[in-house]
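Data first, discussion second: the structure below is written as structure tokens.
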2 protein chains.
Amino acid sequence: MFKLSRMTDYGVVLLSSMAQRPDCLSTAPDLADRTMLPAPTVAKILKALAKGQVIVATRGAQGGYSLARPAADITVAEIIAALDGPVALTACVDGSDDNCSVERLCPLAGGWNRINLAVKAALDDVSLADLISECGMSDPAFGAAPGITLQQ
Amino acid sequence: MFKLSRMTDYGVVLLSSMAQRPDCLSTAPDLADRTMLPAPTVAKILKALAKGQVIVATRGAQGGYSLARPAADITVAEIIAALDGPVALTACVDGSDDNCSVERLCPLAGGWNRINLAVKAALDDVSLADLISECGMSDPAFGAAPGITLQQ
DNA sequence: CAATACAGTACTTATTTAGTCCTGTTTATA
DNA sequence: TATAAACAGGACTAAATAAGTACTGTATTG
Ligand code: SF4
Ligand code: SF4
């Protein structure tokens, strides 16, 4: 159905929550509480985001995660790449991990490149900050206290 | 991994094959032969494309399918919509079939709309004819005889 | 009326994704 | 320096989705 994986969706929710506290670290259990998402899943997503250098981790007691850059410099394409792998609509476009088994025979091989690039460009054009500002989340009411995000 | 479903990919391959014979009908078994794809799957895809009005069916003996419009007037977005449902990156964008369970609580609800529209626009901008011409398939060597498409 | 070909739907299997768990490493602080 | 907090990494299980198959029904040609 051509949709984002739930991981990516959750990832953005988590990042948005982190963006509300730009100056302090957020721990995985903390974020799970704030967003009402299951803790193990949150931990998994954060690890992937850290690996993709979207966020940076501070280890040890009093550690946690923080955004690697200001929200305006984090693109949606990066987030998707960190959580879902590279954008590759078909197996035969440049940058895809896997190979289509009939690529050598298929007359269309390579034809998807242009579309893939267009989609990637669209995703590259939107930052985390854009996403947040477009839905009223930058409203000062949000983020005032832990738990306000996804709870009522 | 943010990719097209195999159905959609196959669908485009089938449509390309049909586009090579604009003036005659192609039957499902015939297309299966030409593309080397499994016959039942081909039949399923063609039914979906017909339902989505990308191709038109002629029933009865000597029947078959043909493109509903010239290849230049069929967009990739239409093909995806016919085979995979509407483009809806998340459950909360306009036009999505399903509803996110936390939509009423999620601060990001609706924030994806802009991205979704951008992706849709990118897909709307490319026609079947573009796709074909970009990979050398319009080369007269292709389509000369049945079976040349995906066979060697 | 017999053969061909699409329409629709239900079902099974395969693949992918999501979710869980466990073990190891790093670091602040008492 | 011992302890607890917190991340890293990977293995495993369960759930959801997609793919593939099969069958019954309807329309059309000759
Ligand atoms: S080579 Fe052909 S069948 Fe394979 S992914 Fe590309 S377009 Fe699809
Ligand atoms: S409402 Fe929030 S969690 Fe649900 S699909 Fe939209 S962005 Fe994702």
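Below, chain A is the first sequence line, B the second, and so on; all start at residue 1. Side chains included, hydrogens not; waters and symmetry mates left out as well; all remaining heavy atoms used. In this text the structure is predicted, and so the values were computed from the model without any measurement.
- For Asp130(A) (side chain) and Ser127(A) (main-chain N/O), a donor-acceptor pair under 3.5 Å exists by modelled atom type.
- Looking at Thr8(B), its side chain never comes within 3.5 Å of a backbone N or O of Leu4(B) through a donor-acceptor pair.
- Across the protein-nucleic acid pair, Met18(B) atom CE and dC6(C) atom C1' stand 13 Å apart, rounded to whole Å.
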Show each protein N/O and nucleotides 12-18 of chain D N/O combination with a separation under 3.5 Å, one pair to a line.
from, atom 1, to, atom 2, distance (Å)
dA18(D), OP1, Met1(A), N, 3.3

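- For the OP1/OP2 pair of dA7(C) and a distance below 4.0 Å, the side-chain nitrogens and oxygens of Tyr65(B) include at least one atom meeting the criterion.
- The pair Asp124(A)-Lys120(A) does not count as a salt bridge, with every side-chain nitrogen at least 4.0 angstrom from each carboxylate oxygen.
- Between the CG atom of Leu37(A) and the P atom of dT20(C) there is a distance of 11 Å, rounded to whole Å.
- Atom CG of Leu25(A) and atom P of dT26(C) are 19 Å apart (whole Å).
- Residue Ala28(B) is classed as a sugar-phosphate contact, given heavy-atom separations below 4.0 Å to backbone atoms only.
- No side-chain N or O of Asp9(B) forms a donor-acceptor pair with one of Thr90(A) less than 3.5 Å apart.
- Comparing Lys47(A) and Pro38(B) by the nucleotide of DNA chain D whose heavy atom lies nearest to each, the residue mapping closer to the 5' end is Lys47(A).
- Rounded to a whole Å, the CD1 atom of Ile45(A) is 14 Å from the P atom of dT17(C).
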Nucleotide N/O of nucleotides 27-30 of chain D paired with protein N/O under 3.5 Å:
from, atom 1, to, atom 2, distance (Å)
dT28(D), O2, Ala61(B), N, 3.2

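- Side-chain N or O atoms of Asp73(B) include none that pairs as donor or acceptor with a backbone N or O of Pro70(B) at under 3.5 Å.
- For the pair Leu83(A) CG and dT17(C) P, the computed distance is 13 Å after rounding to whole Å.
- Rounding to whole angstrom units, NZ of residue Lys51(B) and P of dC6(C) are separated by 17 Å.
- Contact of the Val54(B) side chain with the Ile74(B) side chain is registered, since non-hydrogen atoms from C-beta on lie closer than 4.5 Å.
- The closest donor-acceptor contact from the side chain of Thr35(A) to the backbone of Leu31(A) lies under 3.5 Å.
- In this structure, Asp9(B) atom CG and dT15(C) atom P are separated by 17 Å, rounded to whole Å.
- In this structure, Arg34(A) contributes its side chain and Ser17(A) its backbone to a donor-acceptor pair below 3.5 Å.
- Looking at Asn116(B), its side chain never comes within 3.5 Å of a backbone N or O of Val93(B) through a donor-acceptor pair.
- Comparing dT20(C), dA5(C), dA7(C) by their nearest atom to the side chain of Ala57(B) picks out dA7(C).
- Rounded to an integer number of Å, the gap from Asp30(A) CG to dC7(D) C1' is 15 Å.
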